[in-house]
Protein chains: 2
Amino acid sequence: MKRNSRLSLALHTLSHMAGDPGRMRTSADIAAHAGTNPVVVRRVLGRLREAGLLVSEKGHAGGWRLARDPQDISLADVYLALDERLVATTDMDETPSCSVEHALQKRVTGVLEEIEENLVKRLGETSIAEMCHTEHH
Amino acid sequence: MKRNSRLSLALHTLSHMAGDPGRMRTSADIAAHAGTNPVVVRRVLGRLREAGLLVSEKGHAGGWRLARDPQDISLADVYLALDERLVATTDMDETPSCSVEHALQKRVTGVLEEIEENLVKRLGETSIAEMCHTEHH
DNA sequence: GACCAATGCAACTACAAAAGTTACAGATGA
DNA sequence: TCATCTGTAACTTTTGTAGTTGCATTGGTC
């Protein structure tokens with residue numbers, strides 16, 4: 001796998017699950033489908049569970065399934081659960097040297113934040129249920 | 001510096017330049033402002049020069065300046081010049097196992113591409129000239 | 001209770017992308 | 001001729017993350 005692999009893995013898995021909710025899947029099965037490792041799958045899906053998108057069960061016949069209706073899970077939910085922050089930088093140089101520099105930094109950061117918000121908004125407009133339908137516009 | 005440092009460095013530098021176009025700046029000056037290395041600056045700005053956003057001059061009194069009017073340089077120009085591709089994945093698993101999987105993969109990829117296009121479109125709506133104005137909404 | 005199959009999690013290695021650094025050739029104006 | 005830039009190659013360091021191994025824990029099933 002390559003870049004954005006966590007988001008990609010999460011979206012693929014949830015979209016797949018949306019096609020047959022209620023069915024329990026093991027991390028081994030999911031890993032085989034995604035061509036990766038069960039532990040990696042559990043790591044990524046663990047975050048989605050923390051965000052309330054998935055539930056997992058231990059023991060025999062355990063595994064993973066959606067925590068709620070596929071139509072109620074948006075791409076933004078997945079994105080935010082993974083805490084990616086694709087556009088916005090976490091922080092910049094700590095030494096603004098002068099107040100003008102500082103103001104500029106804040107403005108650049110602000111614009112990037114705005115773009116990030118817009119990205120999340122766009123992601124929020126699509127549910128994973130829409131991803132698994134065969135007839136997608 | 002941290003994540004998205006190239007984009008961040010590029011935006012800061014160009015925004016700064018937009019405040020006083022025509023003035024020539026050395027990579028050493030820029031690096032000092034950004035708290036990084038002259039070679040790193042030249043690497044990043046070199047891409048922007050290839051994209052026609054900047055011009056550089058060698059030798060004494062050489063340096064960097066904007067290639068055209070600040071109002072004619074959008075954030076999308078910068079983003080595309082750096083070839084970042086924040087949202088869309090370059091490629092996914094090569095073994096689609098079954099045709100249904102393959103269709104799902106294409107759909108996920110398609111949605112991510114669409115989001116990416118929207119991101120670029122949004123970036124295209126802001127010029128670096130707007131970044132350096134003190135009165136920003 | 002014994003056993004098996006799953007998650008949860010920690011610890012580690014492997015790897016790749018990028019920053020940072022050093023060094024130096026080439027260009028250009030003073 | 002010299003100082004000052006860019007351009008670039010080569011290398012080290014750092015960092016994020018995938019991949020891997022191992023094992024404790026949980027919970028069905030026999």
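Letters go in sequence order (proteins before strands), and every chain restarts at 1. Everything quoted here is computed from the prediction, not taken from an experiment.
Under 4.0 Å is where a charged nitrogen must lie from a carboxylate oxygen, and between A:Asp77 and A:Arg68 at least one such pair does. Salt-bridge formation is not detected for the pair B:Glu117/B:Arg122: no Lys NZ or Arg NE/NH1/NH2 atom is positioned less than 4.0 Å from an Asp or Glu carboxylate oxygen.
Looking at the side chain of A:Ser5, the nearest of the listed nucleotides C:dG8, D:dA18, C:dG20 is D:dA18. Relative to the side chain of A:Arg6, the nucleotides D:dT20, D:dT17, C:dT7 differ in distance, and D:dT17 lies closest.
A straight line from CZ of B:Arg85 to C1' of C:dA17 spans 18 Å, rounded to a whole angstrom. D:dT6 atom C1' lies 14 Å from atom CG of B:Asp29, rounded to whole Å. With rounding to whole Å, A:Asn37 atom CG is found 15 Å from C:dC15 atom C1'. Put simply, CZ on A:Arg47 is 14 Å from C1' on C:dC9, counting in whole angstrom units. Following rounding to the nearest Å, A:Leu48 (CG) and C:dG8 (C1') show an atom-to-atom distance of 15 Å. Here the P atom of nucleotide D:dG28 and the NZ atom of A:Lys58 are 12 Å apart, to the nearest Å. Whole-Å rounding puts the B:Arg42 CZ to C:dG26 C1' distance at 12 Å. Distance, B:Leu9 CG to C:dA18 C1': 13 Å, rounded to whole Å.
One N or O donor and one acceptor, one from the side chain of A:Arg43 and one from the base of D:dG19, sit under 3.5 Å apart.
Not one N or O on the side chain of B:Glu57 forms a donor-acceptor pair closer than 3.5 Å with the backbone of B:Gly63.
Of all the heavy atoms in A:Ile128 and A:Ala18, the pair that sits closest is O-CB, 3.8 Å.
For the OP1/OP2 pair of C:dG20 and a distance below 4.0 Å, the side-chain nitrogens and oxygens of B:Thr36 include at least one atom meeting the criterion. The shortest distance between the side-chain N/O atoms of B:Ser56 and the OP1/OP2 oxygens of D:dC5 is not below 4.0 Å.
With the nearest nucleotide of DNA chain D identified for both A:Val39 and A:His60, A:Val39 has the one nearer the 5' end.
Remark: the B:Arg25 side chain and the B:His33 side chain contain no N/O donor-acceptor pair separated by less than 3.5 Å.
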